[in-house]
Amino acid sequence: MKKKDFLIAGAVLLLAGVLTLVLRLSGGDPGGAVQVKIDGKVVGTYALVEEQAVPFDTDYGHNLLVIRDGKAHMEEADCPDHYCMEQGEIEKTGETLVCLPHKLVVEVVSGESSDVDVVAK
Amino acid sequence: MAVARKSPTGTPGRRVALDGILVALAMLFSYIETFIPFNFGVPGIKLGLANLVVLLGLTFLPALDVFLVSMVRILLSSLLFGNVMSLWYSLAGGILSFLCMWLLTRREGYSLIGISMAGGVMHNIGQVLTAALIVQTIQLAGYLPVLLVAGLVTGAIVGALAKLLMPRVQKALESYA
Amino acid sequence: MNHLNKTIALLLALVFAMSFLLCSCAEKEEEPVSRDLFAMDTYMTVTAYGKHAEKAVDEAVRELNRLDALLSTGKEASEVAALNKNGGGDLSKDTNTLLKAALELYKSTGHVFDITIYPVMKLWGFTDQNYKVPAKEDLAEALQLVDAGALDYDADAKTVAFEKEGVAVDFGGIAKGYASSRVIEIFREQGVTSGIVNLGGNVQTLGQKPDGTDWRIGIQDPEDEDKMLGVVTNHDKAIITSGGYERNFEEDGVVYHHIIDPETGYPADSGLTSVTIVSEDGTLADGLSTSLFIMGKAKAVNYWQKHFKEFDMVLCCDDGTLVVTEGIREAFSPADEDATVEYIE
């Protein structure tokens, strides 16, 4: 390896370090996020630390996912049964909100670990 | 393309033949790579073996050829082993890393390892940027530090491999000259 | 061999050597293989661990889709739809097994579990989400059709004939339990020793977790979506919960849920808010979870005392009391330490 190689390595490491620092300072630990799948395809990942309302409008219909206080819930849905809106709030890894008619699944990924593997319901 | 040009690779026929061999070799690497799990805690990180071909190719072929080899490789391997999504990611990563490595090869003072590291890092940056564009989430930036370091490590490995192979490739080329 | 060939050969050898090295490292850590799908009107997740997991999970998904196509009352091409249309017919291996299990449950539960409840479910709109409270006379008419005992089932010939016009069957009460058992069977056949299936809240486990500990399965609190009643640690069991909270609708201020008592034709009102069955047999667990919900606490406890070798249960009463049977006394831990728990021996 030559001198300038180390320059590259050093520069990248420095950048990585600074980025980590900036991310830490700006948003704290990114922590948990929810992943949204429609018909089996991942359409987005949203951090739980950030308060946000994300609409999903597909051929199946409309859903509005709201993230507040580190938890996610379904605020609106134009499906016939509205079970997705009744499924409460999710925050722990593996927990899901499912809107069957719209084939939409919201699942917590890399969140606070749950003390159960699955919930029977 | 077909203009007979004096190049270190000799006749146009020979040059095309070399291009073909490189594409085939790169495809092989892409295929083999699908068997190699390289777990960095973040999904989608690969060793980038096909980069060996770009790295070595840049030492004895015109840059345009190597670029085309790389693009053809990405197109074919995405069609064969990936999907449309992976094509966009790879294309962005491939173009960015090629440009970076090409610029470095034209400068003094960088060894194959250094060039490869830069290529690996740029490849990952290209992928994250595409992903962020497609998925529309800035959250992906959180992966960037890990991906930077990962690119450095995989790049170094591939670069070291290239360095090992370099003398042999040189010899092989000479034996045909 | 010239130099170019040698170079390529060396390159290949290197790459292969490396790939084996990396593969052998990666094999040690047991990454789960998981797939999800929509089938049987629910969201399903199948997960397996170990080196056979990939193939096993693929097979499982195929089987679930196959069963969905076979058993769905709503799909015209399904076997069950054909049976209902033609008033019976030949049974495939799966429907034969299901019908046999359904009739055994019909007998053992004293006619509480009845697959011919379908016309009544349809009237309530639970089959197509067109919920409405049916008129009394319509209900009385539909109830006339409900009688699994009147099915003319020939186990040897594998045929069934419905005696009356309008009779229809629905395996919905045991289909998911049967499906999860089939998935576990497939996992076993494929050499998987650790896995878990979640068919819309119907859970079945295979072996223990890869780290050698039991699975921890939470039980949904029927009163609060965000809470659990408790946790059951287990291995090689189906854990299936039924309650009125799962599917219901409101009309004129009254909540009507989907667990219909075949005796009355109305949603069961037995003083229980949920029933969880823990059993090695997924089909049985599925069928019993609704049946015992309809029966109520006293009859359910009585039923368990006669069949305690086959299953264990957690009953949640409308006053918040939990009833837990002897077999899972150690395995069950209530979420609320102050909860009243009654243990049955």
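All of these numbers come straight from a predicted model, not from anything done at the bench.
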* Side-chain contact test, heavy atoms from C-beta onward, threshold under 4.5 Å: evaluate it for A/Glu86 versus C/Tyr245 and give yes or no. =>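 Sidechains of C/Tyr245 and A/Glu86: no contact.
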* To do: Could you check if a side-chain atom of A/Asp115 sits within less than 4.5 angstrom of a side-chain atom of C/Met228, using non-hydrogen atoms only?
  =>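 Yes, close enough: below the 4.5 Å cut-off.
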Is [X] in contact with chain C via its backbone, its side chain, both, or neither, using a 4.5 Å heavy-atom distance?
{"X": "A/Leu104", "value": "backbone"}
{"X": "A/Lys71", "value": "neither"}
{"X": "A/Val118", "value": "both"}

Please classify the contact between [X] and chain A as side chain, backbone, both or neither, with a heavy-atom cut-off of under 4.5 Å.
{"X": "C/Glu246", "answer": "both"}
{"X": "C/Phe38", "answer": "side chain"}
{"X": "C/Phe249", "answer": "neither"}
{"X": "C/Asp41", "answer": "backbone"}
{"X": "C/Leu37", "answer": "neither"}
{"X": "C/Arg247", "answer": "both"}

* Asked: Out of C/Ser274, C/Gly218, C/Gly243, which one racks up the most heavy-atom pairs below 4.5 Å with chain A?
  ->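 Maximum pair count with chain A is reached by C/Gly218.
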Spatial distance of atom [atom1] ([X]) from atom [atom2] ([Y]) [nearest 0.5 Å]:
{"X": "A/Gln87", "Y": "C/Gln220", "atom1": "CD", "atom2": "CD", "value": "9.0 Å"}
{"X": "A/Thr96", "Y": "C/Asn198", "atom1": "OG1", "atom2": "CG", "value": "7.5 Å"}
{"X": "A/Lys37", "Y": "C/Tyr43", "atom1": "NZ", "atom2": "OH", "value": "4.5 Å"}
{"X": "A/Lys121", "Y": "C/Leu229", "atom1": "NZ", "atom2": "CG", "value": "12.5 Å"}

* Asked: Counting distance only, does the side-chain N/O of A/Asp117 pair as donor-acceptor with the main-chain N or O of C/Ile217 below 3.5 Å?
  ->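 Such a contact is absent between A/Asp117 side chain and C/Ile217 backbone.
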Heavy-atom closest pair, residues [X] and [Y]:
{"X": "C/Asp226", "Y": "A/Glu89", "result": "OD1-N, 2.8 Å"}
{"X": "A/Pro80", "Y": "C/Gln129", "result": "CG-OE1, 4.3 Å"}
{"X": "A/Val116", "Y": "C/Val231", "result": "CG1-CG2, 3.5 Å"}

Tell me if the [atom1] atom of [X] is crowded by more than 12 foreign heavy atoms within 6.0 Å.
{"X": "C/Lys227", "atom1": "NZ", "result": "no"}
{"X": "C/Glu330", "atom1": "CD", "result": "no"}
{"X": "C/Lys209", "atom1": "NZ", "result": "yes"}
{"X": "A/Arg68", "atom1": "CZ", "result": "no"}
{"X": "C/Glu250", "atom1": "CD", "result": "yes"}
{"X": "C/Glu63", "atom1": "CD", "result": "yes"}
{"X": "C/Asp211", "atom1": "CG", "result": "yes"}

